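The structure appears right after this line, and notes come after that.
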Amino acid sequence: MLNFFVRKGVRKILKRKDSDAGERGRAIEDLRSALFNEFRSSDGAKRQQQLCGPATALTFNFVIAVGIIFVNKLVLKVVGFQFPIFLTLIHYVVSWLLMAILNALSILPACPSKSTRLSTLFTLGFVMAFSTGLANVSLKYNSVGFYQMSKIAVTPSIVLAEFLLYNKRVSFSKVLALTVVSIGVAVATVTDMQFHLFGACIALAWIIPSAVNKILWSSLQQQENWTALALMWKTTPITLFFLVALIPWLDPPGALSFNWNFNNTLAILMSAILGFLLQWSGALALGATSAVTHVVLGQFKTCVILLGNHYLFSSNPGKTSISGAFTAIAGMSIYTYLNLKLQLNKTSPRPASSLPKSKLSKENSKTHDGNYGSESV
């Protein structure tokens, strides 16, 4: 009898232990599933990306953009790597390898559940290759002043393209602010204008791909729920293909016979890692703001570098350039204020309508036809 009760007690204890182990296993599985949904799934990754607000995304992009300017200057001038398209190719290869590691570790966000047309992703990869590659070629042949003057033309190109494609309108006050910015940047960089016929043709050919690139990055993230890294992962192979095709046309021969010693290779790899961070931060900024705001950020970077060189390193760009830089920053401040004011108006609670529910739903259905189309920014 005693043995019976002992065996029965042992069975209860073992059963309880099995039950506790099962509960712990289910808890671990639930935690793993929650982490997967938060970091790996498209919706969870999008929520994590949205925690990075516009100010954080723009600041991240600004710091990386300023850093890569000095590193690329080191690579092109000091190291003597005079192959801008091949340098861009190295940037994208390193970016793809880093994203492949993230994908192998199951950290890379998944694509959104809603399918995007293959032609749209192909177009984005195509214009990425041309906008980035031609920008580096333009920097090689043109002065910084001429390069910045060509960037001014990107702003009206984006405004016109977004109006034609999405019926997206810009308010009159923002048009005035953007005009002040463009005039200020033109005055700030006019003292560094060196004309080169081939470089001017490259700069002209760069404007349209650059505008389309920014518009697609912004719209795909905001309208089709893509995250920056997932979109980079999908489009980088297409970009690599077109960069390889551009090398024989725009790069001089001799890239493989370059002196690939340790110091030179290290400088190029530093540039490539910053290139990955620049692409990622730029995508975050475009997803959090708009294409026009991203262009204004680039012009702000130019003015800050010009003023920083003057006040910190005693360079003398001239009173005209300095006054132009301050004028551009004033226009950017007005543009930023108008954007913040618009965001506050969107987030402020609206008074409840006295219309009946059926009429109110009809009004809403009328006013919400076309997500992206009737937006005014």
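What you see is a predicted model, and the numbers here were worked out from it, not measured in a lab.
Here the closest non-hydrogen pair linking Leu269 and Val94 is CD2-CG2, 4.4 Å. Taking every heavy atom of both residues into account, Lys168 and Ser290 meet most closely at NZ-CB, 4.4 Å. Nearest heavy-atom pair, Gly331 versus Val180, reported as atom, atom and distance to 0.1 Å: CA-CG1, 3.8 Å. Heavy-atom minimum distance, Thr123 versus Leu216: CG2-CD1, 4.0 Å. Minimum heavy-atom separation, Val79 to Ala267: CG2-CB, 4.0 Å. In terms of heavy-atom proximity, Ser271 sits nearest to Val75 at CB-CG2, 4.1 Å.
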Quick one, Phe83 with Leu89, criterion side chain to side chain contact (heavy atoms under 4.5 Å, CB included). Give me CA distance, side-chain angles, the key distance, then yes/no.
CA-CA 10 Å; Phe83 311 97; Leu89 179 69; over 6 Å; no

Kindly determine whether Val181 and Thr327 satisfy side chain to side chain contact (heavy atoms under 4.5 Å, CB included), including the steps that lead there.
CA-CA 7 Å; Val181 171; Thr327 302; over 6 Å; no

Could you walk me through whether Val187 and Ser321 satisfy the side chain to side chain contact (heavy atoms under 4.5 Å, CB included) test, starting with their C-alpha distance in whole Å, then the side-chain angles of each, then the deciding distance to 0.1 Å, before giving a yes or no?
CA-CA 6 Å; Val187 173; Ser321 295; over 6 Å; no

Do Met99 and Phe276 pass the side chain to side chain contact (heavy atoms under 4.5 Å, CB included) test, and can you show the C-alpha distance, the side-chain angles, and the key distance before you say yes or no?
CA-CA 10 Å; Met99 288 186 289; Phe276 165 72; 4.0 Å; yes

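The CZ atom of Phe163 lies 5.0 Å from the CZ atom of Arg169; values are rounded to the nearest 0.5 Å. Leu297 contributes atom CG, which lies 9.0 Å from atom OG of Ser281 (distance to the nearest 0.5 angstrom). Atom OG of Ser131 and atom CG of Asn136 lie 10.0 Å apart (nearest 0.5 Å). A distance of 5.5 Å separates OG of Ser95 from CE of Met232, quoted to the nearest 0.5 Å. The distance from the CD1 atom of Ile85 to the CH2 atom of Trp249 is 13.5 Å, given to the nearest 0.5 Å.
Annotation: side chain of Leu250 is in contact with side chain of Phe198 (closest heavy-atom distance under 4.5 Å). Using a 4.5 Å heavy-atom threshold, the side chains of Val93 and Leu240 count as touching.
Hydrophobic clustering of Ile, Leu, Val, Met, Phe, Trp and Tyr side chains at less than 4.5 Å, counting indirect connections, unites Val244 with Ile238. Cluster annotation: Trp280 is connected to Ile64 through the hydrophobic network of ILVMFWY side chains, with a link wherever side-chain heavy atoms come within less than 4.5 Å.
A distance-only check finds a donor-acceptor pair linking the side chain of Gln222 to the backbone of Thr289 [under 3.5 Å]. A donor-acceptor contact shorter than 3.5 Å is absent between the side chain of Thr265 and the backbone of Phe262. Remark: side-chain polar atoms of Glu224 are not paired, donor with acceptor, to backbone N or O of Thr116 under 3.5 angstrom. At distances below 3.5 Å, not a single donor-acceptor pair connects side-chain atoms of Gln221 with backbone N or O atoms of Thr227. Between the side chain of Thr235 and the backbone N or O of Leu231 there is at least one donor-acceptor pair closer than 3.5 Å. The backbone N or O of Leu134 lies less than 3.5 Å from no partner atom in the side chain of Ser138, so there is not a single donor-acceptor pair. No side-chain donor-acceptor contact under 3.5 Å links Thr132 to the backbone of Ala129. In terms of modelled atom types and a separation under 3.5 Å, the side chain of Thr239 and the main chain of Gly125 share a donor-acceptor contact. With hydrogens and angles disregarded, no donor-acceptor distance shorter than 3.5 Å links the side chain of Ser218 to the backbone of Ile215.
In this pair, Phe62 and Phe300 present their aromatic rings tilted. The plane angle is within the 30 to 60° band. Using a 30° and 60° split on the angle between ring planes, Phe81 and Phe86 fall in the tilted class, from 30° to 60°. Classification of the Trp260-Phe258 ring pair by plane angle, with boundaries at 30° and 60°, yields perpendicular.
Residues passing the side-chain hydrogen bond (donor to acceptor under 3.5 Å, both in side chains) test with Trp206, sequence neighbours excluded: none. Evaluation of the side-chain hydrogen bond (donor to acceptor under 3.5 Å, both in side chains) rule for Asn259 yields no partner, not counting sequence neighbours.
Phe241 CZ: 12 or fewer foreign heavy atoms inside a 6.0 Å radius. Counting heavy-atom neighbours within 6.0 Å of Leu256 CG, excluding the residue itself, gives a total of 12 or less.
The list of ring-ring contact (aromatic ring centres under 6.0 Å, His included) pairs with a residue in residues 90-120, not counting sequence neighbours, reads Trp96-Trp233.
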